[in-house]
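In what follows, a single structure is set out as structure tokens and then discussed.
Just so you know, these numbers come straight off a predicted model, no measurement behind them. One-based numbering, in listed order, for ligands and for the atoms of each.
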Amino acid sequence: MIILGIETSCDETSLALYSIKYGLISYITHSQFLKHSKYGGIVPEIASREHTKKILSLFKKLLFQSNIHQSQIDIIACTGGPGLSGSLLIGALFGNSLAFLLKKPVTYINHLEGHILVPFLTSKLIIFPFLSLLISGGHTQLILVKNIGEYKILGETLDDAVGEILDKLARSMNISYPGGAIISKFAKLGISNVYNFPRPMIYSKNFNFSFSGLKTSVLRTIKNIKNIKIQDKYNISKSILEAIIDVLKYKVIKAIKKTNVKIFSITGGVSANKQIKKSFKKEIKKKTFYKLYYPKKEFCTDNGVMIAFACAIRIKNNICYTSNKYLINIDPKWSINNL
Ligand code: KG4
Ligand code: ZN
């Protein structure tokens with residue numbers, strides 16, 4: 001059985017073919033970041049237009065590079081949400097039109113479920129329960145994964161997501177969008193603890209996060225530097241990441257102790273950051289948890305592979321709800337509490 005995964009929730013047009021029997025066949029991703037960088041963030045209208053322009057040619061390239069004919073596709077999995085409504089619509093319209101043409105069923109996959117499951121892409125087995133830290137441009141959530149489709153959000157950000165903070169702070173230092181990856185690079189050249197930025201809500205009684213106080217503090221610091229030099233940017237980047245890592249680590253360790261779960265995974269665009277992974281790896285040695293999972297770098301940010309893979313896992317668990325009615329069923333605010 002071959003699944004076509006379609007991801008268009010934000011600014012990546014990404015398609016993948018996944019075989020239930022043989023695993024990942026191939027994938028293709030077109031990132032629109034150059035189109036958005038001059039605006040310092042994603043412009044929804046541009047995002048949907050770019051998806052519309054690219055999706056058909058990407059699909060043709062995917063078939064060509066996979067040596068698969070479109071008639072071999074058995075099921076089409078579209079991202080149903082959360083995400084930008086215009087962007088989600090393009091993926092859903094494309095997926096349903098193709099399915100109608102091929103007379104194949106369609107299913108909708110929750111984007112966050114895709115992120116949560118993709119660290120296990122090459123694992124033979126997924127052991128439950130596990131704790132997942134989802135850190136992306138749109139989300140910062142600490143989730144207890146009890147089983148496929150059974151997710152409990154233990155805590156989430158009350159304001160900005162970690163990736164959003166990195167992108168906004170990067171912009172204030174004139175670093176182009178998306179800033180997360182560049183802040184990560186800058187941080188490697190920075191000196192530790194030059195700035196003592198706040199760690200908001202670190203000791204709060206719950207598992208929620210808040211990063212707006214950190215953002216304000218960094219913005220104030222940047223404003224007070226008269227002639228900001230490149231080394232200042234390196235040092236600021238380093239201190240931003242140190243503050244974020246401290247908060248994330250403290251909450252994760254607390255959640256592990258409370259739930260007694262021994263498997264932990266990090267996922268989402270920000271999990272591409274090496275410093276974050278390194279700091280969590282240290283916790284294995286301390287036996288905070290036994291096993292740490294994270295996606296391969298190319299599957300940290302949005303991709304069609306995670307959509308096709310989540311669909312495959314759902315099929316294997318008999319909880320993949322398909323339809324031949326070709327309905328456009330997107331939900332820009334689809335929560336994983338509600339699958
Ligand atoms: O998962 P994703 O592609 O989109 C959402 O679902 O939101 O995440 C995008 C976010 C952006 O904020 C980007 O700055 C951040 O991931 N990001 C990184 C890195 N690469 C991308 N953040 C830190 N370090 C990176 N290497
Ligand atoms: Zn995402």
Side-chain angles (χ1 to χ4, degrees), residues 5-14 16 27 29-34 36-37 39-42 44 47 51 78-84 87-88 91 109-119 132-141 143 156-157 159-173 175-190 211 215 237-238 240-245 248 265-280 294-307 309-310 332-336:
I6 303 176
E7 160 58 37
T8 59
S9 68
C10 196
D11 62 337
E12 256 100 28
T13 323
S14 184
Y27 66 95
T29 301
H30 167 69
S31 179
Q32 309 173 353
F33 72 91
L34 282 176
H36 299 277
S37 60
Y39 303 101
I42 293 161
H51 288 308
C78 307
T79 302
L84 300 170
S87 293
L88 289 167
I109 296 293
N110 183 289
H111 177 83
L112 306 179
E113 183 174 58
H115 275 306
I116 291 169
L117 297 178
V118 79
S132 177
L133 176 68
L134 200 170
I135 36 177
S136 69
H139 291 83
T140 298
Q141 292 183 331
I143 303 148
E156 60 190 329
T157 182
D159 37 60
D160 289 358
V162 175
E164 200 179 351
I165 286 285
L166 294 176
D167 295 339
K168 283 180 181 167
L169 292 178
R171 203 184 318 159
S172 72
M173 292 191 277
I175 299 170
S176 66
Y177 173 85
I182 301 173
I183 288 209
S184 299
K185 278 189 194 139
F186 278 17
K188 284 184 201 150
L189 302 164
F211 294 103
K215 182 178 69 187
S237 300
K238 179 99 181 167
I240 294 170
L241 277 176
E242 281 169 344
I244 289 173
I245 290 172
L248 295 178
S265 80
I266 31 175
T267 194
V270 183
S271 70
N273 178 282
K274 281 197 184 132
Q275 292 104 306
I276 296 180
K277 277 184 283 207
K278 199 170 149 196
S279 87
F280 278 115
Y294 48 83
K296 261 176 88 176
K297 193 163 183 265
E298 57 268 43
F299 304 138
C300 290
T301 44
D302 293 347
N303 62 86
V305 175
M306 67 186 198
I307 302 304
F309 180 62
K333 294 208 180 314
W334 191 9
S335 162
I336 46 155

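Between the side chain of Q141 and the main chain of L134, no donor-acceptor pair closer than 3.5 Å is present. A distance-only check finds no donor-acceptor pair linking the side chain of S14 to the backbone of E7 [under 3.5 Å]. With hydrogens and angles disregarded, no donor-acceptor distance shorter than 3.5 Å links the side chain of D159 to the backbone of T157.
Atom numbering of ligand 1 starts at 1 in the shown order; those under 4.0 Å from a heavy atom of G163 are 12 (O). For ligand 1 and G180, the ligand atoms under 4.0 Å from any heavy atom of the residue are 14 (O), 18 (C), 19 (C), 22 (N), 23 (C), 24 (N), 25 (C). Taking every heavy atom of G138 and a limit of under 4.0 angstrom, the matching atoms of ligand 1 come to 7 (O).
The shortest N or O to N or O distance between G268 and ligand 1 is not under 3.5 Å. Residue H111 places at least one N or O, backbone or side chain, under 3.5 Å from an N or O of ligand 1. At least one N or O atom of S184 sits closer than 3.5 Å to an N or O atom of ligand 1.
L133 CG to S265 OG: the interatomic distance, rounded to the nearest 0.5 Å, is 8.0 Å. A distance of 10.0 Å separates OG1 in T267 from CG in L112, rounded to the nearest 0.5 Å.
E12 and S31 share a side-chain donor-acceptor pair at under 3.5 Å. Under 3.5 Å, the side chains of H111 and S9 contain a donor-acceptor pair of N or O atoms.
Here H111 meets the criterion, with an N, O or S atom under 2.8 Å of the Zn ion (ligand 2). At a threshold of 2.8 Å, the Zn ion (ligand 2) has a backbone or side-chain N, O or S atom of H115 nearer than that distance.
Nearest to atom 3 (O) of ligand 1 by heavy-atom distance, out of T140, N303, D302, I135, is D302. For atom 15 (C) of ligand 1, the nearest non-hydrogen atom from the set V270, D11, V162, L134 belongs to V270.
When non-hydrogen atoms are compared, ligand 1 lies under 4.0 Å from the side chain of L166 (C-beta onward) but not from its backbone. Looking at H115 against ligand 1, only its side chain comes within 4.0 Å, counting heavy atoms.
For Q275, the side chain to side chain contact (heavy atoms under 4.5 Å, CB included) partners two or more places apart in sequence, or in a different chain, are S184, A187, K188, L241, I245, N273.
Taking a 6.0 Å sphere around NZ of K277, one finds it holds more than 12 heavy atoms contributed by other residues, nucleotides or ligands.
Distances from the Zn ion (ligand 2) to each N, O or S atom of D302 single out OD1 as the nearest.
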Could you go step by step and tell me if F299 and F309 meet the ring-ring contact (aromatic ring centres under 6.0 Å, His included) rule?
CA-CA 11 Å; F299 304 138; F309 180 62; 9.7 Å; no

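Closest protein heavy atom to atom 21 (C) of ligand 1: G269 O, 3.5 Å. For atom 9 (C) of ligand 1, the closest non-hydrogen atom on the protein side is G137 N, 3.7 Å. With respect to atom 13 (C) of ligand 1, the closest heavy atom belonging to the protein is D167 OD1, 3.8 Å.
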